[in-house]
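Just so it is clear, the values below take in all heavy atoms, side chains as well, and ignore hydrogens, waters and symmetry mates. Remember, predicted model here, so these are calculated numbers, not experimental data.
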Amino acid sequence: MPQPSRFRRRLPGWLLLVAAMTALGPISIDMYLPGFPLIEAEFGQRGVESTMAAYLLGLTVGQVFYGPLSDRFGRKPPLYVGFVLYAIGSLGCALASTMGTLTLMRVAQALGGGAGMVISRAIVRDRSDVAEAARAFSTLLMIVALGPVVAPAVGGVVVTFFGWRATFLIQAVLGIALMIAMHVVLTETVERSQARTLSIVGVMRGYLRLLLDRRFIAYSLIGGFGMGALFSYVTGAPTVLTQRYDLSPQQFGWLIALNGFAFMTASRLNIVALRTMTPAAALARHVWTPTALSAALFVSSLLWPLPLWMVVVLQLSIFVSVGRLNPNVAALALAPHGQKAGAASALMGAIQSLISTIAGFAVGLFNDGTVATLAAVMMAGTACGLASYAAARS
C-alpha cells in the first residue's frame, strides 16, 4: 500500500531530493547547449546533435535495468551505482578529444543518470495513491523546472568564460553531491519482505505483461510523444536560433532558461486544476492543446519569416501545454502497478526516452536551419500523442 503522503501540508525532504535526482536529466541536457557551436568548431565537424541523441539512447537502455533492480534490492542500492557511473561519464565528456568519444561518454553518463529518473518516479508511487501522485508529480515538475531555468543560463556563463568542458566538470560534482544527499536523506521505501525474486525470465515476463497493458502503453506514449516534441526543439534550437537570429551562447542560454518557467507555470496550473477534478479529467480537457499549438507554429513559419518573439511565445506555449499533461499521464500509468512500480516506471521512462531519441535523430537528419523543420517534428510528435490518447480511451 502507498505510504501516507504529507506533501500537501508541507514540502517534505524526500520530495525535494527526488526532484533534484530527476532534475539531473534536464541539467545534463541543457547545461552544455550553449557550447554546441564551440564543440563543432573545436572538433572540426558538424553533428553535435548526435551527442544529445546518444544521451537519450543511454537513458532508454539504463532505465530498463534500474527498474527491476530497484524492485528487487530496494530503491537506494541502484542509485549508488547510477550516481558513480554518471560522475565517471561526466568526467569522460570533459576529457573527450573527438566527437565520437564525447558521444560515447554521453551514453555512459546517461546510463548512470537514468537511475535517478526511473527510481524517483517509483518512490513517488511507493508513497502516494493516484490522486496524490498526480499532485506530487506536478510539484515535482515545478521543482525540476528550475533545472532548465538555471542550467542553460549557468551553462552560457560557464561556456563563455571557461569553455564547454567545464560544464561537464560541474555535472560530475553534482552527481557525487546527489549521491551523498541520497545516502543521508532518503529512506528505503521497499521492504525486504516485499522484494521479489530477480531473474531474467521473470523480468522479461513482467515487461511483457506491461507491454500488453493497453492503457499503460497508451498513457506512456502520450507522455513520450509530448517529451519527444520538446526534445526535438531543444536539440535543434541551438543551431537554428543562434544562426538565424544571431544569438550569442549567453543570450541563447537565457532564452532556453525560459523553458523552466514554462514548466513551472504548467505545474502550478495543474496543481490548481487537480483541486476540482481528477487526473483523468484534467488530461481529457487539455490533451489536444499541444497539437493545436504545434500546428500553429508550423503553419506560421511556412507563411512568413517569424520574428524571434513569436517563435518563443508559441514554443513556450507548447512547453506549458505538454507540461500540464505529463504529471497526470505518469500518475494514471503507474497507479495499477504498485507491486512492480520500479519496472513500470522503467518501461514508461524507456518508452519516452526512446521516442525522444528518435526525435533527436530526426532533427539531426532533417535540420535545414529553419524553424519550419523544428515545428514539423514537434507537430508530428504531439499529433501522435493525441492519437495515443484516443487509443487509451477506446
Can you measure from [atom1] ([X]) to [atom2] ([Y]) and round to the nearest 0.5 angstrom?
X: Leu247; Y: Leu308; atom1: CG; atom2: CG; answer: 6.0 Å
X: Thr265; Y: Asn270; atom1: OG1; atom2: CG; answer: 12.5 Å
X: Thr382; Y: Leu325; atom1: OG1; atom2: CG; answer: 10.5 Å
X: Gln251; Y: Leu255; atom1: CD; atom2: CG; answer: 9.5 Å
X: Leu38; Y: Phe43; atom1: CG; atom2: CZ; answer: 11.0 Å
X: Met378; Y: Thr373; atom1: CE; atom2: OG1; answer: 13.0 Å

Are the side chains of [X] and [Y] in touch, meaning some heavy atoms are under 4.5 Å apart?
X: Tyr245; Y: Val311; answer: yes
X: Phe83; Y: Leu24; answer: yes
X: His183; Y: Met179; answer: no
X: Thr98; Y: Thr103; answer: no
X: Ile355; Y: Leu221; answer: yes
X: Val107; Y: Leu57; answer: no
X: Met227; Y: Leu230; answer: yes
X: Leu59; Y: Leu111; answer: no

Donor-acceptor check, side chain of [X] to backbone of [Y], threshold 3.5 angstrom: yes or no?
X: Trp309; Y: Leu306; result: no
X: Ser294; Y: Thr291; result: no
X: Asn328; Y: Arg324; result: yes
X: Gln63; Y: Ala115; result: no
X: Ser120; Y: Gly116; result: yes
X: Ser300; Y: Leu297; result: no

Please report the closest heavy-atom contact between [X] and [Y], naming both atoms and the distance.
X: Ile222; Y: Gly385; result: CG1-O, 3.6 Å
X: Tyr86; Y: Ser28; result: OH-OG, 2.7 Å
X: Arg165; Y: Leu95; result: NH1-C, 3.6 Å
X: Met105; Y: Gly92; result: CG-C, 3.4 Å
X: Ser301; Y: Val371; result: CB-CG1, 4.2 Å
X: Ile351; Y: Ser220; result: CD1-CB, 4.2 Å

* **Evaluation steps, side-chain contact (heavy atoms from CB on, under 4.5 Å), between Leu386 and Trp288** => CA-CA 6 Å; Leu386 189 58; Trp288 59 272; 4.3 Å; yes

Over 12 foreign heavy atoms within 6.0 Å of [atom1], [X]:
X: Tyr80; atom1: OH; answer: yes
X: Arg214; atom1: CZ; answer: yes
X: Tyr207; atom1: OH; answer: yes

With clusters defined by side-chain heavy atoms of hydrophobic residues (ILVMFWY) lying less than 4.5 Å apart, directly or transitively, does [Y] cluster with [X]?
X: Phe162; Y: Ile170; result: yes
X: Ile358; Y: Met379; result: no
X: Ile39; Y: Leu169; result: no
X: Val81; Y: Leu79; result: no
X: Val118; Y: Val64; result: yes

* Could you check Phe168 against Met31 for side-chain contact (heavy atoms from CB on, under 4.5 Å), going step by step and ending with a plain yes or no? => CA-CA 8 Å; Phe168 291 108; Met31 182 173 283; over 6 Å; no

* Mark yes or no: Arg106 above the aromatic ring of Tyr32, with NZ or CZ under 6.0 Å from the six-membered ring centre and no more than 45 degrees from the axis. => yes

* Tell me, with the steps shown, if Phe231 and Ile29 meet side-chain contact (heavy atoms from CB on, under 4.5 Å). => CA-CA 9 Å; Phe231 274 118; Ile29 291 169; 3.0 Å; yes

* Asked: Passes side chain to side chain donor-acceptor pair (under 3.5 Å), Gln315 versus Tyr233? Steps please.
  -> CA-CA 8 Å; Gln315 170 257 312; Tyr233 176 85; 3.2 Å; yes

* To do: Quick one: do Phe216 and Leu347 satisfy side-chain contact (heavy atoms from CB on, under 4.5 Å)? Show the steps, please.
  => CA-CA 10 Å; Phe216 172 80; Leu347 184 58; 3.7 Å; yes

* **Short side-chain donor-acceptor distance under 3.5 Å, Asn326 and Gln352** => no

